[in-house]
Amino acid sequence: MPAQKILSIGEAMVELSQADTEGLWQVGIAGDTLNTAWYLRRLLPKDWHVGYFTRVGSGEFSQKMVDFLTAEGIDATHVGRDSRREIGLYAISLKDGERSFSYWRDNSAAKGLADDPTVLAEALADVRIAYLSGITLAILPDEARTALLQALREARAKGTKIVFDPNLRPKLWPDTTTMCDRIEAAATISDLILPSFDDEREYFGDSDPKATVSRYLKRGAGQVIVKAGGDAIRFGGSEGEGVLDDLERETPVDTTSAGDSFNAGYLAAKLQDADIKAAIRAGHALSRQVIRHRGALVREAVEAVRAES
Ligand SMILES: O=C(O)C(=O)C[C@H](O)[C@H](O)CO
C-alpha cells in the first residue's frame, strides 16, 4: 500500500478578503485545493505527509506562497517554477454571507502545472491520496488536462486513491458544455467524488442529490458524497449509501472554503478510521466553523472543532 501521503494538486493565489474596517482588504494565500491541504495538515496526525503540487513564478509573491506552505507544514518539494509567469489573484465579494469571486489569473504560472509528465509521475509516486478539483482542470489547456488525468490513472493503477471535488466555476471554462464534459471525464477515475448539490443542479440539471449520486456512480466514481450547504447530505457507492438529515445549520458570514474544509474534515476523519457518517459529521462541523469567519483559511475554526470533540 502507498505511504501515508496526500498530494493536493491545483492552483493557489493571493487572496483579497474584506477586513473588518470598511475599505481595508486583507491579503492571504488561498485556492480550493490548497485550502483542503491546509485543513488536512492541521487535522491529521504528524505521521501523515501532506504535499501541494502546483507551479509558481519567481517573484516575491510566489516566494511568499512557497514560504507559507513550508511554514504551515505542507511539503512544497513539488512546487515548480515558471520564470515568465506569476501567481494569480482573487478577491472575495460578499452578499448576505454568500461569496462570489473576481479573478486575475489568466496568465498564472499554475496553468503549466501538468506540462512535465516526468515531474507529475515523480510527485505522485507512493501517494495514498491524490486530491484535485474541477478548478485544477479548468485552469489547464486541454492537452495538459488529458496529461494530468493520464498521470492520475497510472498512479491509481499502483494503488493511489483519487479524490475529486467538481467545484464548478463556469467563469474559468471556455463554455459549460466543455466544463460538464471534462468534469464527468474526471469522475471516471475518481474513487471519491465530493460535489455540491446547488452547482450540480444548475449545470447538470440534477433534480435532487440522489440524482447527483447516481449520475457520478454511472460515470464510474467509487463513492459520492453530495454537499448541500447545510441541508441533508446524501451519499452512495461502494462504501455505503444513505442520508444525514439532522445536521445543524449556520448563518454564514462568508461561505468561502465551506466545501474545501468539509472535504478536509471528512477525509481526515475517514483516514483515522471513522465510519462514513461520522466522517461526514466531522466535515460538516469544520465547515460550519469556517463560514463563521471571513476568508478561506480560518485557524479559529480548527481550534473550535478540537474544543468541541
Ligand atoms: O475559485 C477559486 O479558484 C478559489 O480557489 C477561490 C476559493 O478559495 C475557493 O473557490 C473556495 O472554494
Side-chain angles (χ1 to χ4, degrees), residues 8-18 25-41 52-56 61 65 68-69 72 74 86-95 97-111 113 131-140 145 163-173 179 182-183 186 193-200 202-203 225-230 252-267 283-284 286-299 301:
S8 184
I9 305 168
E11 176 176 17
M13 293 160 285
V14 173
E15 176 193 78
L16 295 181
S17 58
Q18 243 149 43
W25 290 78
Q26 47 196 33
V27 177
I29 299 278
D32 65 338
T33 46
L34 169 64
N35 304 343
T36 300
W38 187 86
Y39 285 109
L40 276 169
R41 177 61 290 160
Y52 196 56
F53 186 89
T54 190
R55 266 198 199 178
V56 300
F61 279 91
M65 182 184 295
F68 172 77
L69 292 172
E72 295 294 324
I74 299 169
E86 255 311 320
I87 58 172
L89 168 83
Y90 81 104
I92 303 172
S93 302
L94 291 173
K95 191 162 182 272
E98 190 49 63
R99 88 286 183 269
S100 59
F101 304 121
S102 305
Y103 299 118
W104 295 266
R105 68 197 300 185
D106 284 351
N107 192 34
S108 62
K111 285 185 178 295
L113 68 82
Y131 178 84
L132 77 157
S133 78
I135 297 179
T136 312
L137 300 178
I139 61 161
L140 299 179
R145 239 178 249 146
V163 178
F164 176 59
D165 182 340
N167 233 351
L168 302 176
R169 297 282 186 278
K171 267 194 204 171
L172 302 180
W173 290 91
M179 172 175 82
R182 304 303 190 270
I183 294 290
I193 176 158
L194 296 150
S196 295
F197 180 61
D198 283 353
D199 292 345
E200 303 292 320
E202 186 166 353
Y203 299 107
I225 297 173
V226 184
K227 295 166 280 184
V253 171
D254 175 359
T255 55
T256 303
S257 201
D260 310 334
S261 57
F262 174 94
N263 299 350
Y266 173 83
L267 282 173
H284 179 72
L286 178 61
S287 168
R288 254 189 88 211
Q289 294 294 338
V290 168
I291 63 176
R292 290 182 175 176
H293 304 266
R294 287 184 186 167
L297 304 182
V298 182
R299 284 164 213 276

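Every value quoted in this text rests on a predicted model; they were computed, and no experiment measured them. Note that ligands are numbered from 1 as they come in the structure, with each ligand's atoms numbered from 1 the same way.
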Across all chains, not counting sequence neighbours, the side chain to side chain donor-acceptor pair (under 3.5 Å) partners of R288 are E250
Partners meeting side chain to side chain donor-acceptor pair (under 3.5 Å) with T33 (sequence neighbours left out): Y52
Nearest atoms (heavy-atom pairs only) where W173 meets R169: CD1-O, 3.2 Å
List of N/O pairs, ligand 1 versus protein, all under 3.5 Å?
| unit_1 | atom_1 | unit_2 | atom_2 | d |
| --- | --- | --- | --- | --- |
| ligand 1 | 1 (O) | Y103 | OH | 2.6 |
| ligand 1 | 1 (O) | R169 | NE | 3.4 |
| ligand 1 | 3 (O) | R105 | NH1 | 2.9 |
| ligand 1 | 3 (O) | R105 | NH2 | 3.1 |
| ligand 1 | 5 (O) | D32 | N | 2.7 |
| ligand 1 | 8 (O) | N35 | ND2 | 3.1 |
| ligand 1 | 8 (O) | Y90 | OH | 2.8 |
| ligand 1 | 10 (O) | R169 | NH2 | 2.7 |
| ligand 1 | 12 (O) | R169 | NH2 | 3.3 |
| ligand 1 | 12 (O) | D260 | OD1 | 3.3 |
| ligand 1 | 12 (O) | D260 | OD2 | 2.8 |

Quick note, salt bridge (Lys or Arg N to Asp or Glu O under 4.0 Å) partners involving residues 8-17, not counting sequence neighbours, are E11-R105
From L94 CG over to S17 OG, what is the distance, rounded to the nearest 0.5 angstrom? 8.5 Å
Decide whether T256 and D254 meet the rule of one side-chain donor and one side-chain acceptor closer than 3.5 Å. yes
